[in-house]
Undergrad: 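Input: one structure, supplied below.
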Amino acid sequence: MFGAVRVQPANAGSARRYLVQRLGFGLLILAALAVVIPILFVIGAIVVRGLPAISLEFIFGMPREGMKAGGIWPAIVGTVLLTLGTALVAIPIGVGGAIYLAEYAKDTPLTRAIRLAIVNLAGIPSVVYGLFGLGLFVLFLGFGTSIVAGALTLAIMTLPVIISTAEEALRAVPVEFRTVSASLGGTRWQGIRNIVLPQALPGIITGVILGLLRAGGETAPILFTVAAFYLPRLPQSPLDQTMTLPYHLYVISTQVPGMPLEIQYGTALVLLVLVLSLNLLASWIRGYYRRKRQW
Amino acid sequence: MAVTSGRSTAGSRWSEFVVESLVRVAGFSTIGFVLLIFLFLAREGVPFFLDIPLSEAFGQFWYPTFDIYGTLPLILGSIMVTITSVAIALPLGLATAVFVREVAPSWARDILKPLIEVLAGIPSVVLGFFGMTLLAPAMREVLGIPTGLTAFTGSLVLAYMALPTMISVAEDALDAVPKSYRDASLAMGATQWQTIWRVVVPAAKSGILTAVMLGMGRAIGETMAVMMVTGNAGRMPLSLDSLIRPVRTMTATIAAEMGEVAQGSTHYHALFGIGIALFVITFMINLAAASAIFQKRRRGGLR
């Protein structure tokens, strides 16, 4: 009797409460399914309908007959070049900014202003970045509609993603690592370069990949800064226009009447596979190093 | 991390200084970029507000070919699509976040989370393409309307685009509620269900509000999918049945028309003017969302 807690016998009220709970959990499961099933459906539909279009000629060929035949090679190359250009600008600034915020910055109003700027950059609509790129890079600086103008525009758009994830990765490295480095006579930068950065690298790489694949899949910012409607040759210089995959998909699905559906789905599939494989790579890197990590 | 180094040579002190300056410049460049963006939007957009009297700029008709630039239908179109998409995404997103954090067994979590990440990675033009070729015809069939390219179809696509952000922010908010809150509630005899809705979710309220704000910011700024799916008819969406009619948003208008305007024309300035409006709106939404985040940080979080 004493010492043992007696559980209330189940009465009608509590039976009802558990019935409500069961119904409620059922609803939660339904909601989760309603989120997930359409995702599978979108991917499935594009894979099933796009697969018949895929051939070596489709991927490595030039578009012919006003894009209604042939391949999408210039669009693939254009997207890769544009993304590499974006990386060239965004990685140094993004990782540098993250190092500043995580390792050097004190909590001053100026630092808070930087954080506010990052939040703001992250929220600016992609098409507004396009306007900005048009105004500054294409017209004011005279780069014209070119890979350079687009890469710079996309780089600024990608900065907040890279800075936030890289800062998080740097902050996850325990303070002790830095203290030990300093106690052995290392300067602050030596500690960061030799100890903190290598430890944070997988997290930083994950963030960089996620940021870049978003940039590579964007259409709105490059509408007026890079994109060529129909240009069946590879870009020759950074100041060239180029076709890109996302813009190509937009063009052939809305601007060209009588476009074979198969080619549209094929283009969507190639874009989807490129983006999702990078996505998987990023989560694999993150998962692999998280398991391997000793701290 | 206030660790001062011991002895160091002049050379290493010099490189310390260079590195610190470089990363500081990188950090402060973000502020510079925001200012640059605003400057160039203003440079090209302010002439619109000078050329056109305000009453006309907020007029009911957007007919650029006749030099009539009333932005009201576009603004209302954006608001309508945004509100509808949040109304769809909030219950779905909150329920999913609660399921993932509070109820789901770990195997279900391991399936759900990567899938939601995949959704976040799908380019908006691909979702727009899907909405256009499969969702819109299905809508037309089901609702028996002349075209499936409607405000509602757009809102549906937008809702799914906003979901990954909303779910992950809401999850973080739920995660930040201390376990002791749950334990106390369960010890008082509440069921898990009651604990979730009467203790955990209310305690995570501000974080969930942030999730809604960020989802809204995402929805109002989304361009390609909206342009491809909403039908782009610049008419005033005044009644509820506008939901099943085509509508035109601010973002779609810029994207669709900027390629064809003459640089320096009123139309050109008008599109930049819409850009300014979008910049200001998203800035305020994100400011509100961020102030909730910063507040939490200042309190040291709930944990």
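In what follows, chains are A, B, ... by sequence order, proteins preceding strands, each numbered from 1. We use all heavy atoms of the structure for the numbers below, so side chains are in, but hydrogens, waters and symmetry mates are not.
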Undergrad: Chain B heavy atoms under 4.5 Å from A/Ile192: which part of the residue, side chain, backbone, both or neither?
TA: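 Contact with chain B is absent: no heavy atom of A/Ile192 under 4.5 Å.
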Undergrad: Checking B/Phe129 against A/Gln264 for the side-chain contact (heavy atoms from CB on, under 4.5 Å) test, could you report, in this order, the C-alpha distance in whole Å, the side-chain angles of both residues, the deciding distance, and whether it holds?
TA: CA-CA 9 Å; B/Phe129 173 68; A/Gln264 301 181 25; 3.2 Å; yes
Undergrad: Check whether A/Leu136 gets within reach of chain B through its side chain, its backbone, both or neither, counting any heavy atom under 4.5 Å.
TA: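 Both parts, backbone and side chain.
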Undergrad: Check whether B/Thr251 gets within reach of chain A through its side chain, its backbone, both or neither, counting any heavy atom under 4.5 Å.
TA: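 Both backbone and side chain.
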Undergrad: Checking heavy atoms, do the side chain of A/Pro160, its backbone, both or neither come under 4.5 Å from chain B?
TA: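 Neither part, no heavy atoms under 4.5 Å.
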Undergrad: Tell me, side chain or backbone of B/Arg218 under 4.5 Å from chain A's heavy atoms, or both, or neither?
TA: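 Contact with chain A: none, neither part.
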Undergrad: Judged by atom type as modelled, is there a donor-acceptor pair below 3.5 Å linking the side chain of A/Gln21 to the main-chain atoms of B/Gln192?
TA: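 Such a contact is found between A/Gln21 side chain and B/Gln192 backbone.
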Undergrad: Between B/Leu41 and chain A, which part of the residue has a heavy atom less than 4.5 Å away: side chain, backbone, both or neither?
TA: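 Side chain only.
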Undergrad: How close do B/Leu134 and A/Ala45 get, counting heavy atoms only, and between which atoms?
TA: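 Between these two residues, the closest heavy atoms are CD1-CB, 3.7 Å.
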Undergrad: More than 12 non-hydrogen atoms from neighbouring residues, nucleotides or ligands closer than 6.0 Å to OH on A/Tyr104, yes or no?
TA: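 Check passes, neighbour count above 12.
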Undergrad: Side chain, backbone, both or neither: which part of B/Phe17 has a heavy atom under 4.5 Å from chain A?
TA: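 Contact with chain A: none, neither part.
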Undergrad: Any side-chain heavy atom of A/Leu110 sitting closer than 4.5 Å to one from B/Phe28?
TA: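 They are in contact (side-chain heavy atoms under 4.5 Å apart), so the answer is yes.
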Undergrad: Find the one option among B/Thr133, B/Ile116, B/Leu22 whose heavy-atom pairs under 4.5 Å with chain A are most numerous.
TA: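 Greatest number of close heavy-atom pairs with chain A: B/Thr133.
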Undergrad: Looking at every non-hydrogen atom in both residues, tell me the closest pair between A/Ser126 and B/Thr223 and how far apart they are.
TA: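 Heavy atoms only, the tightest pair is OG-OG1, 3.8 Å.
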Undergrad: Tell me which of these, B/Thr282, B/Thr96, B/Thr191, has more heavy-atom pairs under 4.5 Å with chain A than the rest.
TA: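 Of the candidates given, the most pairs with chain A belong to B/Thr191.
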Undergrad: Rounded at 0.5 Å granularity, tell me how far CG in A/Asn120 sits from CE in B/Met284.
TA: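 Here the rounded value is 11.5 Å.
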Undergrad: Sort B/Val103 into side chain, backbone, both or neither according to what part of it lies under 4.5 angstrom from a heavy atom of chain A.
TA: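 The side chain, not the backbone.
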Undergrad: Under the criterion side-chain contact (heavy atoms from CB on, under 4.5 Å), I'd like the reasoning laid out for A/Tyr250 against B/Met224: C-alpha separation, chi angles, the key distance, then a yes or no.
TA: CA-CA 8 Å; A/Tyr250 167 67; B/Met224 297 313 289; 3.6 Å; yes
Undergrad: Given B/Val23, which of A/Leu101, A/Ile99, A/Ile93, A/Val95 fulfils the side-chain contact (heavy atoms from CB on, under 4.5 Å) condition?
TA: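 In the set A/Leu101, A/Ile99, A/Ile93, A/Val95, the residue that makes a side-chain contact (heavy atoms from CB on, under 4.5 Å) with B/Val23 is A/Ile99.
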Undergrad: With a 4.5 angstrom heavy-atom cut-off, which part of B/Ile285 approaches chain A: side chain, backbone, both or neither?
TA: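 The answer is neither part of B/Ile285.
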Undergrad: Can you tell me if CZ on A/Phe229 sees more than 12 non-hydrogen neighbours from other groups inside 6.0 Å?
TA: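 It does: A/Phe229 CZ has more than 12 such atoms within range.
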Undergrad: Hey, is CZ on A/Arg22 packed in by over 12 heavy atoms from elsewhere, all under 6.0 Å?
TA: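 Open: at most 12 neighbouring heavy atoms sit under 6.0 Å from CZ of A/Arg22.
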Undergrad: Name the member of A/Ile118, A/Thr111, A/Ile156, A/Leu261 that forms the most heavy-atom pairs with chain B at distances under 4.5 Å.
TA: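 The residue among A/Ile118, A/Thr111, A/Ile156, A/Leu261 with the greatest pair count is A/Ile156.
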Undergrad: For A/Arg193, is it the side chain, the backbone, both or neither that has a heavy atom under 4.5 Å from a heavy atom of chain B?
TA: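 Neither part; nothing is under 4.5 Å.
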Undergrad: Which value, rounded to the nearest 0.5 Å, describes the distance between A/Arg214 atom CZ and B/Ser124 atom OG?
TA: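 If I round to the nearest 0.5 Å, the distance is 10.0 Å.
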Undergrad: Would you say the side chain of B/Leu278 lies within less than 4.5 Å of the side chain of A/Val128, judging by non-hydrogen atoms?
TA: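 Yes - at least one pair of side-chain heavy atoms lies under 4.5 Å apart.
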Undergrad: Would you give the length of the straight line joining atom OG of A/Ser283 to atom CD of B/Glu117, rounded to the nearest 0.5 angstrom?
TA: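 Rounded to the nearest 0.5 Å, the OG-CD separation comes out at 5.5 Å.
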Undergrad: So for B/Leu127, is it side chain, backbone, both, or neither that comes closer than 4.5 Å to the heavy atoms of chain A?
TA: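 Answer is side chain: those atoms of B/Leu127 sit under 4.5 Å from chain A.
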Undergrad: Determine yes or no for a side-chain-to-main-chain donor-acceptor pair under 3.5 angstrom, with B/Glu16 supplying the side chain and A/Trp189 the backbone.
TA: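 Here the side-chain-to-backbone pair exists.
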Undergrad: Are the side chains of A/Phe224 and B/Ile254 in contact, using a 4.5 Å heavy-atom criterion?
TA: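 Side-chain contact under 4.5 Å: yes.
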Undergrad: Can you tell me if A/Arg286 has over 12 outside heavy atoms packed within less than 6.0 Å of its CZ?
TA: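 Atom CZ in A/Arg286 is packed in, count exceeds 12.
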Undergrad: Quick check for you: among B/Gly93, B/Gly27, B/Gly275, which has the greatest number of heavy-atom pairs under 4.5 Å with chain A?
TA: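 Option with the top pair count is B/Gly27.
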Undergrad: Under 4.5 Å heavy-atom distance to chain A, tell me which part of B/Ile196 shows up: side chain, backbone, both or neither.
TA: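 Side chain of B/Ile196 only, per the 4.5 Å heavy-atom cut-off to chain A.
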Undergrad: Among the options A/Ile43, A/Ile114, A/Leu30, pick out the one with the most heavy-atom pairs lying under 4.5 Å from chain B.
TA: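 The candidate making the most pairs under 4.5 Å is A/Ile114.
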Undergrad: For A/Ile124, which atoms come within 4.5 Å of any heavy atom of chain B: side chain, backbone, both, or neither?
TA: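 For A/Ile124, backbone and side chain are both near chain B.
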Undergrad: Is the centre of the B/Phe99 ring less than 6.0 Å from the centre of the A/Phe25 ring?
TA: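 No, too far apart.
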Undergrad: Grab the two heavy atoms, one from B/Ala255 and one from A/Leu223, that are nearest each other, plus how far apart they are.
TA: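 Minimum heavy-atom separation between B/Ala255 and A/Leu223: CB-CD1, 3.5 Å.
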Undergrad: Is it the backbone or the side chain of A/Leu33 that comes under 4.5 Å from a heavy atom of chain B, or both, or neither?
TA: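 Neither part.
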Undergrad: Which atoms of B/Phe40 come close to chain A, meaning under 4.5 Å heavy atom to heavy atom: side chain ones, backbone ones, both, or neither?
TA: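 Side chain of B/Phe40 only, per the 4.5 Å heavy-atom cut-off to chain A.
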Undergrad: Assess whether side-chain contact (heavy atoms from CB on, under 4.5 Å) is satisfied between A/Tyr129 and B/Ile37, documenting all intermediate values.
TA: CA-CA 8 Å; A/Tyr129 276 105; B/Ile37 292 174; 3.7 Å; yes
Undergrad: Against chain B, work out which of A/Gly216, A/Ser181, A/Ala31 has the most heavy-atom pairs shorter than 4.5 Å and name it.
TA: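 So the answer, after comparing A/Gly216, A/Ser181, A/Ala31, is A/Ala31.
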Undergrad: Which bit of B/Gln263 is near chain A, if near means a heavy-atom gap under 4.5 Å: side chain, backbone, both or neither?
TA: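 Just its side chain gets close to chain A.
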Undergrad: Can you check whether anything in residues 272-280 of chain A gets within less than 4.5 Å of chain B, heavy-atom wise, and list it by number?
TA: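 Residues in range: A/Leu272, A/Val275, A/Leu276, A/Asn279.
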Undergrad: Which value, rounded to the nearest 0.5 Å, describes the distance between B/Phe33 atom CZ and A/Met157 atom CE?
TA: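 Atom-to-atom, B/Phe33:CZ and A/Met157:CE are 13.5 Å apart.
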Undergrad: Decide yes or no on side-chain contact (heavy atoms from CB on, under 4.5 Å) for B/Trp193 and A/Tyr18, but give the supporting numbers first.
TA: CA-CA 8 Å; B/Trp193 178 251; A/Tyr18 282 99; over 6 Å; no
Undergrad: For A/Glu168, I'd like to know if atom CD has over 12 heavy atoms of other residues, nucleotides or ligands within 6.0 Å.
TA: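 At most 12 heavy atoms, drawn from other residues, nucleotides or ligands, come within 6.0 Å of this atom.
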Undergrad: Where is the tightest heavy-atom contact between A/Leu213 and B/Gly121, given as atom of each residue plus distance?
TA: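 Shortest heavy-atom separation between A/Leu213 and B/Gly121 comes out as CD1-O, 4.2 Å.
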Undergrad: Quick one: what part of A/Leu131 sits under 4.5 Å from any heavy atom of chain B, side chain, backbone, both or neither?
TA: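 For A/Leu131, heavy atoms of backbone and side chain both lie under 4.5 Å from chain B.
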Undergrad: Side-chain contact, heavy-atom cut-off 4.5 Å: B/Glu222 with A/Pro125?
TA: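 Side-chain contact under 4.5 Å: no.
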Undergrad: Taking all atoms of both residues into account, what is the closest heavy-atom pair of B/Ala190 and A/Arg17, and its distance?
TA: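 Result for this residue pair: CA-NH1, 3.8 Å.
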Undergrad: Under the side chain to side chain contact (heavy atoms under 4.5 Å, CB included) rule, collect the residues that match up with B/Ala120, sequence neighbours excluded.
TA: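 Once residues adjacent in sequence are excluded, the partners of B/Ala120 under the side chain to side chain contact (heavy atoms under 4.5 Å, CB included) criterion are B/Pro164.
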Undergrad: Can you name the nearest heavy-atom pair linking A/Val35 to B/Tyr160, along with the distance?
TA: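 Smallest interatomic distance, heavy atoms only, reads O-CE2, 3.6 Å.
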Undergrad: Among B/Leu163, B/Val118, B/Leu94, single out the residue with the greatest number of heavy-atom pairs under 4.5 Å to chain A.
TA: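 Ranked by contacts with chain A, first place is B/Val118.
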Undergrad: Rounded to the nearest 0.5 Å, what separates atom CD in B/Glu44 from atom CZ in A/Phe140?
TA: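 Between B/Glu44 CD and A/Phe140 CZ, I get 10.0 Å after rounding to 0.5 Å.
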Undergrad: So do B/Leu287 and A/Val119 actually touch side chain to side chain, heavy atoms under 4.5 Å?
TA: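 Answer no - side chains too far apart.
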